[in-house]
Amino acid sequence: MIYLLLVLTFRIASGLETYNERLDIKTLEKGRVHAKFTFLTSKDIIDNDFILFPRVLDQLVEKYNVHRFVLTMQQGRWRREWNEPPQPASPIGAQLLVYFKTKNATEAEKNFSSLVEAANGLFCTSLSSLTVTAVSPELPVLEKKSFELTTRYGIVSKETTCTENLSQLRKLLPCKSSGLSVFLHPSKLYDSLFHSLSVSINSSCEEIKCRRSIEFELSVVFKTPADGWLLSRLFDSQFSEKCSVAESSKVTVSHDPISDKVKPSGKELEKGVYEYDFSVWTKGADLEVETPSFKNSSIVQSAGIRIWSTLGGLSQHSGELRISVKNLGKAGNNVVISQIVPYFVRVHYNSLMVKCRSASSRVREKVFKASKAPKSSLLIQYNLEIDETDTCILHIPLEKSLLRINDYTPDANHGMYIPGAIATFLQIKNDLNGGYAVHSNAVLVALPVPDFSMPFNVICFVATTLAVCFSPIHTFSTLWISPDIPKSVMVKKIYRGCLLMLLALSLYAHFNNSNLHDLRRFISAYLQKLNELK
Amino acid sequence: MKRKAAKANKDPESEKDPHLRESLNDVRFAVFAILLRFLFSSYLYDWARERVELVTPVFSYEQLLDDLEMKKDGLPLYTFPHFHNAPMMMWIYSSVSYFGKHSVLAFSCLLDVSVAWLLKWTADAVKSKKEGEAAGCGRWLFRTYLFNPITIASCAICSLSTLYNFLAALSAYLFFSGCLMGYVVVLGIWTSWTVYPAILFNILFVLDLPKRQLGIYLGVGLAVVTAISSVHFWSQGSLEFLDSSYFYMLTFKDITPNVGLYWYFFVQVFDHFREFYVLTFMTFYWFVPVPLTMSIRGDPHLLFWLFLLLSSVFFPSPTLNTATVVFSLWPIFLKRYGEYWRYTLLIVATIVTCVTLMPVMWHMWMVSSSGNANFYFGVTLTYNIAMIYMVIDGTFVYFRDQTNDYFKDWKSRHMGFAYAFH
């Protein structure tokens with residue numbers, strides 16, 4: 001035991017394995033508080049002992065030759081007033097971005113399928129559809145791309161994130177019930193306006209020293225009383241003890257230095273930001289922030305871009321997807337717009353269009369990429385240069401296709417989702433810590449649906465039609481046709497007479513507005529009369 | 001005024017020569033028809049190009065434009081799942097569209113007008129062979145084709161089915177006028193585009209040709225198909241075009257709504273039966289011509305017409321326009337077999353009703369959502385049944401006609417319509 005402890009202390013001290021945890025809390029607007037957890041574990045690649053670093057993830061990365069792995073899951077919408085969304089940006093649903101250390105596309109594709117299934121097992125997700133719908137972007141998506149690597153990227157718009165994903169992630173942390181992870185209390189975290197969870201696994205090298213790191217990030221926006229919040233009330237749990245293996249364990253609180261009151265006050269990092277060291281935090285101590293006169297107008301708008309998707313068109317047959325991009329001028333002019341188009345819509349390449357208000361906005365590069373595999377998606381990427389405060393609209397005319405009956409989702413009349421577009425900044429003007437991307441909303445497409453209730457009927461009808469075609473041909477070509485002398489004319493005449501009578505009777509009934517019930521009633525009345533007579 | 005004067009000048013001349021007068025009349029009709037097509041194109045283009053009855057992946061001009069644009073941008077065409085064009089079509093239309101958008105429309109109009117003329121000549125070729133038969137038919141063939149609303153709409157949206165019709169009419173003309181070498185060459189070109197007309201080669205077997213000649217004709221047909229395919233192969237450098245154009249048609253991959261028989265079937269059919277039905281339908285299509293060829297040996301013209309009809313009914317992604325040549329040639333046989341046609345009125349009425357109902361049902365299914373897919377499917381199925389009744393009736397009239405030859409002495413008796421198969 002003591003030996004283990006000694007080894008641990010040595011390893012942490014020498015930096016072979018490190019673990020850092022951090023929680024940033026910020027008031028976004030009145031009654032909206034954003035909490036962001038960051039758990040960062042890293043280790044030397046050559047080192048083969050796993051004490052803090054989850055071995056299973058290391059094996060995953062090694063086996064499938066992964067350079068970088070980003071998985072995000074999100075629920076709820078990040079509002080435009082809250083400025084830039086937490087990075088890596090996430091769409092509603094799940095998103096997976098993987099860089100493979102290979103240039104061979106088929107190998108990457110094979111590895112990706114296995115990796116998706118492995119990730120499903122590890123994080124309790126259901127991303128299997130990504131094995132066919134993921135694309136290989138050529139222009140950067142989400143972040144700047146290193147071009148020697150093969151990328152696979154995919155979005156599952158309908159995937160929901162839930163407690164099971166969180167508990168799986170919690171299991172991979174070195175401290176599960178101490179340190180900041182005590183705040184990972186599902187009942188509060190999922191009762192929120194916005195919830196985003198991301199896992200990124202990275203390999204980075206500095207000279208000869210290569211490190212691998214995992215970063216778990218959890219962003220939550222809570223609805224709080226307008227006049228302030230308590231740390232324990234926010235997460236519905238109390239801080240118990242420090243995480244002894246953590247290198248650092250910090251909590252920062254951003255506030256308005258003039259009007260807000262923070263108790264107790266911590267180390268002031270910059271104006272309006274207090275930092276607390278939770279490795280020396282006393283058990284049961286609480287943090288209280290009072291925001292009696294928080295003004296929404298005091299938020300400085302810093303978002304660089306707005307992007308939103310709409311679908312036009314009246315019928316279930318054709319329509320137009322419009323992606324509008326507005327450059328707010330805070331993060332440069334050069335934007336890559338990527339749109340994944342699923343297999344159930346067909347894009348008219350000839351009428352793809354980018355329209356900008358300003359004349360100097362232009363298209364730098366265009367990527368249109370598909371794969372022959374069944375149900376694979378199409379990727380449209382535009383490298384745009386948009387003037388500040390200019391709006392560009394990307395028109396994607398499409399045709400919704402009729403699918404085979406098995407390809408529809410259980411609730412077919414609900415429609416299917418086209419994932420939202422992604423706007424990625426290439427050159428960042430302000431310092432926004434590397435990559436900066438924004439997702440647009442997913443678009444629901446009402447597809448034409450067949451009648452699900454009658455496959456047998458259709459099979460019967462079509463097969464009968466073919467038989468109707470073939471049987472006379474067979475008859476004509478195998479039998480002789482010859483004049484026929486009718487034998488009995490009498491029977492035929494009687495038969496026809498009967499038919500005529502029936503016809504006359506039914507016509508009579510029709511014009512007298514009589515129906516079967518009347519007839520039956522009449523007969524029963526008549527019978528009754530007969531009985532009475534007896 | 002000038003035109004009137006010219007007309008007045010020419011009138012006495014044309015009175016002398018009825019032939020010249022008729023052809024002048026034809027030219028007038030053709031000019032009017034072209035004008036009609038241009039007008040349609042400028043006012044109703046957007047409406048017509050959305051019609052699934054007129055546009056299918058194989059015959060879609062918009063799709064072809066997309067493909068040409070992608071080719072121009074250097075994209076790998078065969079990776080796109082919606083690419084189904086034969087490389088031949090790409091060459092033809094890229095060279096035509098080189099002169100701008102209107103040149104394609106002009107090209108389509110030219111094709112359409114020449115189809116009308118070819119049909120007329122076809123009827124005339126029949127006339128000259130059998131004296132007195134089908135007299136005056138050609139003029140009507142010419143007009144019905146030119147002023148058929150389906151051909152006008154298809155031509156106005158530059159549908160590739162116009163080219164399909166041109167090949168059909170050209171092969172009909174070459175066959176009816178007895179130019180068999182030309183016939184097999186055209187058939188070879190046509191087959192290497194849409195595969196299904198290959199059954200038309202069967203007619204060579206009923207012509208009582210010497211064996212050597214038959215071999216030569218079949219060899220030439222096969223050579224044309226092979227030549228075009230190998231040119232495709234050399235230009236593309238791979239056999240991927242086989243998969244995206246030929247196998248696409250042969251294995252009924254097309255499930256976009258159209259007027260054919262198969263699309264809804266393959267939407268609905270259970271996955272594990274799909275292969276079975278593909279094989280069944282393929283066998284059906286390629287087998288049906290065999291009994292027909294063996295039994296209808298006395299009238300190769302009728303057999304040609306029946307095969308043309310079969311290849312347009314059982315094509316997996318047909319448009320209404322692929323059947324218009326068949327409809328236009330029908331009067332020849334209506335005249336030849338006169339009273340024996342049983343369902344003429346029924347067929348015509350059904351087809352007209354179905355064609356009018358198709359856009360209505362489509363609207364109900366797709367736009368207003370007041371109906372479902374069965375509505376549209378029902379109409380297309382009925383349309384196909386009407387076409388199949390044409391096949392049945394066409395076969396029947398031949399045998400009925402033969403009965404008259406066999407039982408000449410019975411003719412004196414009153415037999416009415418009673419007959420039986422023995």
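Every chain is numbered from 1 and lettered A, B, ... according to where its sequence line falls, protein lines coming before strand lines.
Remark: A:H414 NE2 is packed, more than 12 non-hydrogen atoms of other residues, nucleotides or ligands lying under 6.0 Å away. Within 6.0 Å of CZ in B:F284 there are more than 12 heavy atoms belonging to other residues, nucleotides or ligands. The environment of A:K110 atom NZ is sparse: at most 12 non-hydrogen atoms of other residues, nucleotides or ligands sit within 6.0 angstrom. More than 12 heavy-atom neighbours from other residues, nucleotides or ligands sit within 6.0 angstrom of CZ on B:F252.
Residues B:F80 and A:S371 fail the side-chain proximity criterion, which asks for heavy atoms closer than 4.5 Å. In this structure, A:S318 and B:E50 have side chains that are in contact, with non-hydrogen atoms separated by less than 4.5 Å. Side-chain contact check for B:M70 versus A:F368: some heavy-atom pair is nearer than 4.5 Å. Residues A:L403 and B:V267 have side chains not in contact (no heavy-atom distance under 4.5 Å, counting atoms from C-beta outward). Side chains of A:I459 and B:V269 form a contact here, defined as non-hydrogen atoms less than 4.5 Å apart. By the 4.5 Å heavy-atom criterion applied to side chains, B:Y277 and A:V462 are not counted as neighbours. Taking the side chain as every heavy atom from C-beta outward, B:F377 and A:P450 never approach each other to under 4.5 Å.
Annotation: maximal heavy-atom pairing with chain A below 4.5 Å, among B:Y376, B:Y262, B:W362, occurs at B:W362. Of the residues considered (B:E69, B:Q402, B:H82), B:H82 shows the highest number of contacts with chain A, using heavy-atom pairs under 4.5 Å. Chosen from B:F266, B:F287, B:F265, the residue pairing most often with chain A at heavy-atom distances under 4.5 Å is B:F265. Contact tally against chain A (heavy-atom pairs below 4.5 Å) for B:V367, B:N374, B:L75: the top residue is B:N374. Looking only at heavy-atom pairs under 4.5 Å with chain B, the residue among A:L314, A:L378, A:I405, A:V347 that has the most is A:I405. For the set B:V391, B:V52, B:D271, the count of heavy-atom pairs under 4.5 angstrom toward chain A peaks at B:D271.
Contact annotation for B:T395: both backbone and side-chain heavy atoms come within less than 4.5 Å of a heavy atom of chain A. Contacts between B:D67 and chain A at a heavy-atom distance below 4.5 Å are absent for every atom of the residue. Residue contact with chain A, scored on non-hydrogen atoms closer than 4.5 Å, involves the backbone and the side chain of B:I255 alike.
Between A:F461 and B:Y264, the distance separating the two ring centers is not shorter than 6.0 angstrom. Side-chain rings of B:F270 and A:F456 approach one another, their centers coming within less than 6.0 Å. In this structure, A:H317 has its ring center at least 6.0 angstrom away from the ring center of B:W365.
Distance alone, capped at 3.5 Å, is enough to place a donor-acceptor pair between the B:Q268 side chain and the A:D451 backbone.
For the atom pair A:L466 CG and B:T280 OG1, the distance stands at 9.5 Å (nearest 0.5 Å). Taking SG of A:C469 as the reference point, atom CG of B:L261 lies at 9.0 Å (rounded to 0.5 Å). How far CG of A:N413 is from OG of B:S369: 8.5 Å, rounded to the nearest 0.5 Å. Here the straight-line distance linking atom CE of A:M454 with atom CG of B:N372 works out to 8.0 Å at 0.5 Å rounding. Here the straight-line distance linking atom CG of B:L381 with atom OG1 of A:T465 works out to 4.0 Å at 0.5 Å rounding.
Screening A:E399, A:R346, A:H348 against B:Q63 for a side-chain hydrogen bond (donor to acceptor under 3.5 Å, both in side chains) leaves a single residue, A:R346.
With hydrogens and angles left out, the side-chain atoms of A:Y349 and B:D73 include a donor and acceptor closer than 3.5 Å. Side chains of A:N350 and B:D66: a donor-acceptor N/O pair is absent below 3.5 angstrom, by distance only.
Residues A:V449 and B:A373 share a closest heavy-atom pair of O-CB, 3.8 Å.
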